[in-house]
Visitor: 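I am attaching a structure below and will ask some questions about it afterwards.
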There are 2 protein chains.
Amino acid sequence: MRDYYTITELTREFGISTRTLRFYEDEGLIHPLRRGRTRLFRPSDRVLVRQIMRGKRLGFSISEIRQIIQMYKEPPGEVGQLKMMLTRIEEKRGDLRQKRRDLEETLAELDQAEESCLERLAELGVTT
Amino acid sequence: MRDYYTITELTREFGISTRTLRFYEDEGLIHPLRRGRTRLFRPSDRVLVRQIMRGKRLGFSISEIRQIIQMYKEPPGEVGQLKMMLTRIEEKRGDLRQKRRDLEETLAELDQAEESCLERLAELGVTT
DNA sequence: CGAATAATTGACTTTTACGTAAACGCCGTG
DNA sequence: CACGGCGTTTACGTAAAAGTCAATTATTCG
């Protein structure tokens, strides 16, 4: 486990640009350290970037991703806030469950589409 | 099963605007019939809209959704095209499987976050 | 030391996915 | 018949999420 990553190491690892990482910093999603002006990314920043990329692939917006990331952080000290957080966690879970249904349905339809193609190929006398 | 739906019926059902439906038509995702200039949406158009909304929730772009919709259509007649289609189906399946992994991981982390919150609440002597 | 390499900031641009507004057509109803 | 409601087209606007470019500053390596 390395101490620090440079910005370009992370861009290569995740296939994104430096501009994108700076953008995420501007948006308050990550907070890399600085040596002078140069950013130093800790392993924990790297984990955050991984979570951001996951969120992006799932079609969450930056602000939704921000919300999700908040949930992973140390839970707050106040009871009201804790209960709020539990509510929001449940909401996000709802989103994700919807996405999962969407996903399974889409996969099923792709299976069907594939079968149609294979049938059609068989009709044409092509052995797959 | 109705013959036709008006544009506003579909906007209400799916919670989207007429602008959005016209946009999807411009983008070639749907092809409602016309009576004069007025659009008539068939049940099949409605199914397409449902698929579009699913795609959107999963974070697919319009052009990705277009590709997916192509796959649901009648398979083409030519062998080369059929094989291409099978390849693309496999690709999309890959995308979806990645999304599923992302989804499960995110759900797991939300579970963890929830547990932390509950623990913290317990420490504070709150009975949930 | 000096050139090359890597990073930074800031401003401007682009793409996607619609929103919004203007101006008009069509149709049923009082 | 005119008016309210729905629908249409055309055109311009906008927010999010970066991309691109320019000017500047470290850092490093020979």
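Proteins come first, then strands; the chains are lettered A, B, ... in the order of their sequence lines, and each starts at number 1. These figures come from a predicted structure and were not determined experimentally. Hydrogens, waters and symmetry mates play no part in the numbers below; they use all other heavy atoms, side chains included.
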Visitor: Quick check for you: name the first and last nucleotides of DNA chain C, 5' to 3', having an atom under 4.0 Å from a heavy atom of chain B.
Guide: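 First and last nucleotides in contact are C/dA17 to C/dG25.
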Visitor: Within this structure, what is the CD-to-P distance between A/Glu27 and D/dA18, rounded to whole angstrom?
Guide: 9 Å
Visitor: With a 4.0 Å limit, can you tell me whether A/Tyr24 has a side-chain N or O closer than that to the phosphate oxygens OP1/OP2 of D/dA17?
Guide: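 Answer is no, no contact under 4.0 Å.
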Visitor: Could you state the CG-P distance from A/Leu21 to D/dG19, rounded to the nearest angstrom?
Guide: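 Spelled out: CG on A/Leu21 to P on D/dG19 is 10 Å.
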Visitor: Please report the distance, rounded to the nearest Å, between CD1 in A/Ile16 and C1' in D/dG19.
Guide: 13 Å
Visitor: Is a side-chain donor or acceptor of B/Lys92 paired with a backbone partner of B/Ile68 at a separation under 3.5 angstrom?
Guide: no
Visitor: Does OP1 or OP2 of D/dT9 have a side-chain N or O of B/Arg34 closer than 4.0 Å?
Guide: yes
Visitor: Starting from P on D/dA17, measure out to CD on A/Glu25 and report it in whole angstrom.
Guide: 17 Å
Visitor: Mind calculating the distance between CD1 (A/Ile65) and C1' (D/dA16) to the nearest angstrom?
Guide: 12 Å
Visitor: OP1 or OP2 of D/dA16 sitting under 4.0 Å from any side-chain N/O of A/Ser61?
Guide: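 Result: no.
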Visitor: Do the side chains of B/Val49 and B/Leu21 get nearer than 4.5 Å, heavy atoms only?
Guide: yes
Visitor: Grab the CD-P distance between A/Glu64 and D/dA16 for me, whole Å please.
Guide: 12 Å
Visitor: With sugar-phosphate meaning primed atoms plus P, OP1 and OP2, does B/Ile7 contact a base, only sugar-phosphate, or nothing at under 4.0 Å between heavy atoms?
Guide: sugar-phosphate
Visitor: Side chains of B/Gln51 and B/Arg54: donor-acceptor distance under 3.5 Å anywhere?
Guide: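 No pair is found: no donor N or O on one side chain lies under 3.5 Å from an acceptor on the other.
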Visitor: Quick one: are B/Phe14 and B/Arg46 in side-chain contact, heavy atoms under 4.5 Å?
Guide: yes
Visitor: Quick check on D/dC6: is either OP1 or OP2 less than 4.0 Å from any side-chain nitrogen or oxygen of B/Thr6?
Guide: no
Visitor: Of the nucleotides D/dA17, D/dG19, D/dT8, which has the atom closest to the A/Arg19 side chain?
Guide: D/dG19
Visitor: Specify the residue among A/Arg35 and A/Phe60 whose closest nucleotide of DNA chain D lies further upstream toward the 5′ end.
Guide: A/Phe60
Visitor: For residues 32-41 of chain A, run the donor-acceptor check on the side chains, cut-off 3.5 Å, and write out each pair with its distance to 0.1 Å, sequence neighbours left out.
Guide:
| from | atom 1 | to | atom 2 | distance (Å) |
| --- | --- | --- | --- | --- |
| A/Arg34 | NH1 | A/Arg37 | O | 2.9 |
| A/Arg34 | NH2 | A/Glu25 | OE2 | 3.1 |
| A/Arg39 | NE | A/Glu25 | OE1 | 2.5 |
| A/Arg39 | NH2 | A/Glu25 | OE1 | 3.4 |

Visitor: Could you check how far CZ of B/Arg37 sits from P of D/dC6, rounded to whole Å?
Guide: 17 Å
Visitor: Across the strands shown, which category fits A/Arg39 at heavy-atom distances under 4.0 angstrom: base, sugar-phosphate, nothing?
Guide: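 Sugar-phosphate contact only - A/Arg39 comes under 4.0 Å of backbone atoms but never of a base.
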Visitor: Indicate whether OP1 or OP2 belonging to D/dG7 is found under 4.0 Å from a side-chain N or O atom of B/Thr8.
Guide: yes
Visitor: Between B/Arg120 and A/Glu78, does any NZ, NE, NH1 or NH2 come within less than 4.0 Å of an OD or OE carboxylate oxygen?
Guide: no
Visitor: Identify whether any heavy atom of B/Ser17 sits under 4.0 Å from a base atom; if not, whether one sits that close to sugar-phosphate; answer base, sugar-phosphate or nothing.
Guide: sugar-phosphate
Visitor: Are any of the side-chain nitrogens in A/Glu114 or B/Arg93 under 4.0 Å away from the carboxylate oxygens of its partner?
Guide: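 Salt bridge flag = yes for B/Arg93 with A/Glu114.
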